[in-house]
Amino acid sequence: MQIKRVGVIGGGQLAWMMAPPAQALGIELVIQTPSFDDPAVAIAADTVIAPIDDADATKELARRCDLITFENEFVDLAALFPLAASGVCFRPRLEALSPLLDKYHQRCYLEKLGIPQPEFALPSSPKHIKFPVVLKTRRHGYDGQGTFIIKDSETLQQKLATLHKLSEVLLEEFIPFERELAVMAARSIDGNVMTFPIVETQQENQVCRRAIAPAAISSTVAQEIEAIARTLMTSLQAVGVFGIELFLTQDQKVLVNEIAPRTHNSGHFTIDACVTSQFEQHLRAICDLPLGSSALTCGGAVMVNLLGYEYAQDEYIEKRAQISQVPHARVHWYGKHESRPGRKLGHVTVLIDQFHPEAAQAIAQKIESLWYPQLNK
Ligand code: ADP
């Protein structure tokens with residue numbers, strides 16, 4: 001069947017960035033999102049204004065499109081299963097999301113597959129994890145909200161005492177990583193798995209600030225990560241693009257941090273720097289079109305997130321113009337109506353001819369000094 005209309009649950013920047021490839025592929029997007037102000041409303045052929053986890057709204061969305069995909073995983077999965085049973089097509093299918101939406105279930109799933117990851121436990125279980133530990137909310141965490149690094153048992157007890165329910169969190173071994181890496185992986189309906197170039201991601205206060213492609217890693221590490229991606233995508237029978245975040249330790253061990261069942265911030269560089277972007281690849285996979293090449297079209301790229309640093313209603317037109325002056329910089333502005341500290345307002349990708357990690361870092365610093373007033377003094 002030729003897919004003409006794709007329903008997307010979630011109307012943030014990830015859905016917004018699907019618009020150009022959707023148009024090129026002759027596909028219309030229908031969006032389910034809570035507010036008319038959300039970025040993707042502007043590019044949608046049709047919109048269902050409703051919370052992401054409103055399954056009745058998703059039923060309405062299904063009436064208006066050929067299949068449904070996700071840009072946001074904070075859905076009520078149990079309420080979607082009856083829709084799938086009644087013939088609504090979800091890609092990826094709901095079973096591929098089931099083991100991932102709860103961080104504890106995700107860890108258990110990775111353990112079953114024998115994929116290396118941090119030690120983990122529920123606070124109620126006797127398993128001992130050495131301090132510092134990382135306490136995470138099991139659901140609805142994003143941009144490090146719901147992730148706390150805890151240095152000793154007293155602080156842990158205090159933190160646990162503030163929680164509504166102990167069952168909402170899990171504990172993880174703190175990994176003193178050398179670097180954080182990420183890979184975007186795509187899988188087609190017929191089981192073809194493709195990975196994009198592996199990136200180094202840099203987080204501050206647990207929020208992604210930059211992604212540098214390609215990551216300066218050995219071919220052994222790269223092969224290991226590609227094998228992990230393949231195993232995961234195949235065992236989930238995933239269809240579409242998934243993001244996999246990883247830790248690389250000093251002794252070059254790779255551990256999986258997290259899997260996102262959708263396109264991901266660490267893959268934004270692919271829009272400007274790869275033959276096929278993660279967004280086009282996702283649409284290709286879910287619409288049963290052949291996957292495109294994921295190769296870089298340049299020596300490398302630096303992606304810098306433009307995070308809000310104040311409460312304001314400002315388009316930051318002058319700053320965006322200044323950043324656009326940086327050679328080979330492409331600014332992507334999500335059109336959000338309000339800025340608040342830490343909010344992702346846009347990103348910049350700078351293409352590099354000949355890749356050197358130090359030069360990439362210097363470019364990121366340059367962009368950030370133009371964007372953040374506190375770095376500009
Ligand atoms: P979110 O789902 O909110 O993005 P993550 O679980 O990805 O949260 O954590 C955000 C960041 O916190 C990671 O990118 C990493 O920098 C840090 N972090 C998370 N888990 C660990 C861990 N086990 N050890 C060390 N750092 C961690």
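Start at 1 and go down the list; that is how both ligands and their atoms are numbered.
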Under 4.0 Å, heavy-atom basis, I'd like to know which part of E173 is in contact with ligand 1: side chain, backbone, both or neither. backbone
Minimum-distance protein heavy atom relative to atom 15 (C) of ligand 1: E180 OE1, 3.2 Å
Identify the protein heavy atom lying closest to atom 26 (N) of ligand 1, giving its residue, its atom name and the separation to 0.1 Å. F177 CE2, 3.6 Å
With heavy-atom distances below 4.0 Å as the criterion, list the atoms of ligand 1 near N257. 5 (P), 6 (O), 7 (O), 13 (C), 20 (N)
Taking all heavy atoms of V199 and all of A213, pick out the closest pair and write down the distance. CG1-CB, 3.6 Å
Any side-chain donor near an acceptor of the partner, H332 and D272, under 3.5 Å: yes
Pair up each side-chain donor or acceptor in residues 6-13 with any protein partner under 3.5 Å, not counting sequence neighbours, and list the distances.
{"residue": "Q13", "atom": "OE1", "partner": "K336", "partner atom": "NZ", "Å": "2.9"}

N/O of I149 under 3.5 Å from N/O of ligand 1, yes or no? no
How far is atom 22 (C) of ligand 1 from its nearest protein heavy atom, and which residue and atom is that? V134 CG2, 3.5 Å
Step through the shown structure and confirm whether more than 12 heavy atoms of other residues, nucleotides or ligands are within 6.0 Å of NZ on K344. yes
Part of T147 within contact of ligand 1 (heavy atoms, under 4.0 Å): side chain
Check each atom of ligand 1 against the heavy atoms of Y142 and keep those under 4.0 Å away; list them by number with element. 3 (O)
Considering only heavy atoms, does T201 approach ligand 1 within less than 4.0 Å through its side chain, its backbone, both, or neither? neither
May I ask you to decide whether D102 forms a salt bridge with R139, counting only side-chain N to carboxylate O separations under 4.0 Å? no
Using the side-chain contact (heavy atoms from CB on, under 4.5 Å) rule, take R209 and N305 through it: C-alpha gap first, then chi angles, then the decisive distance, then the call. CA-CA 5 Å; R209 293 288 290 262; N305 277 332; 5.8 Å; no
Show which side-chain atoms of residues 73-94 pair as donor or acceptor with protein atoms under 3.5 Å away, not counting sequence neighbours.
{"residue": "E73", "atom": "OE1", "partner": "R262", "partner atom": "NE", "Å": "2.6"}
{"residue": "E73", "atom": "OE2", "partner": "R262", "partner atom": "NE", "Å": "3.4"}
{"residue": "E73", "atom": "OE2", "partner": "R262", "partner atom": "NH2", "Å": "3.3"}
{"residue": "D76", "atom": "OD1", "partner": "A79", "partner atom": "N", "Å": "3.4"}
{"residue": "S86", "atom": "OG", "partner": "L83", "partner atom": "O", "Å": "2.8"}
{"residue": "R91", "atom": "NH1", "partner": "I286", "partner atom": "O", "Å": "2.6"}
{"residue": "R93", "atom": "NH2", "partner": "L236", "partner atom": "O", "Å": "3.4"}

In this structure, atom 3 (O) of ligand 1 is nearest to the protein heavy atom G144 N, 2.7 Å
Check the surroundings of atom CZ in F131: do more than 12 heavy atoms from other residues, nucleotides or ligands lie under 6.0 Å from it? yes
What protein heavy atom sits nearest atom 7 (O) of ligand 1, and how far off is it? E258 OE1, 2.9 Å
Show your working on side-chain contact (heavy atoms from CB on, under 4.5 Å) between R210 and Q361 and close with a plain yes or no. CA-CA 9 Å; R210 309 158 208 113; Q361 205 63 45; 4.2 Å; yes
Quick one: look up the protein heavy atom nearest atom 2 (O) of ligand 1 and list residue, atom name and how far away it is. K103 NZ, 2.6 Å
Report the part of F174 (side chain from C-beta onward, or backbone N, CA, C, O) that has a heavy atom under 4.0 Å from ligand 1; answer both or neither where that applies. both
Tell me which protein heavy atom sits closest to atom 27 (C) of ligand 1, plus the residue, atom name and distance to 0.1 Å. F247 CZ, 3.6 Å
Test of understanding: given a 4.0 Å heavy-atom threshold, classify the contact between Q206 and ligand 1 as side chain, backbone, both, or neither. both
Atom indices of ligand 1 within 4.0 angstrom of G141 heavy atoms, with elements: 2 (O), 3 (O)
Look at atom 24 (N) of ligand 1 and say which protein heavy atom is nearest, naming residue and atom and giving the distance to 0.1 Å. I175 N, 2.8 Å
Is it true that R64 and E60 have a side-chain N and a carboxylate O under 4.0 angstrom from each other? yes
Apply the salt bridge (charged side-chain N to carboxylate O under 4.0 Å, His left out) test between R107 and each candidate in E173, E172, E258; give the one that qualifies. E172
Which of the atoms in ligand 1, numbered in the order shown and given with their element, are less than 4.0 Å from a heavy-atom of K136? 6 (O), 19 (C), 20 (N)
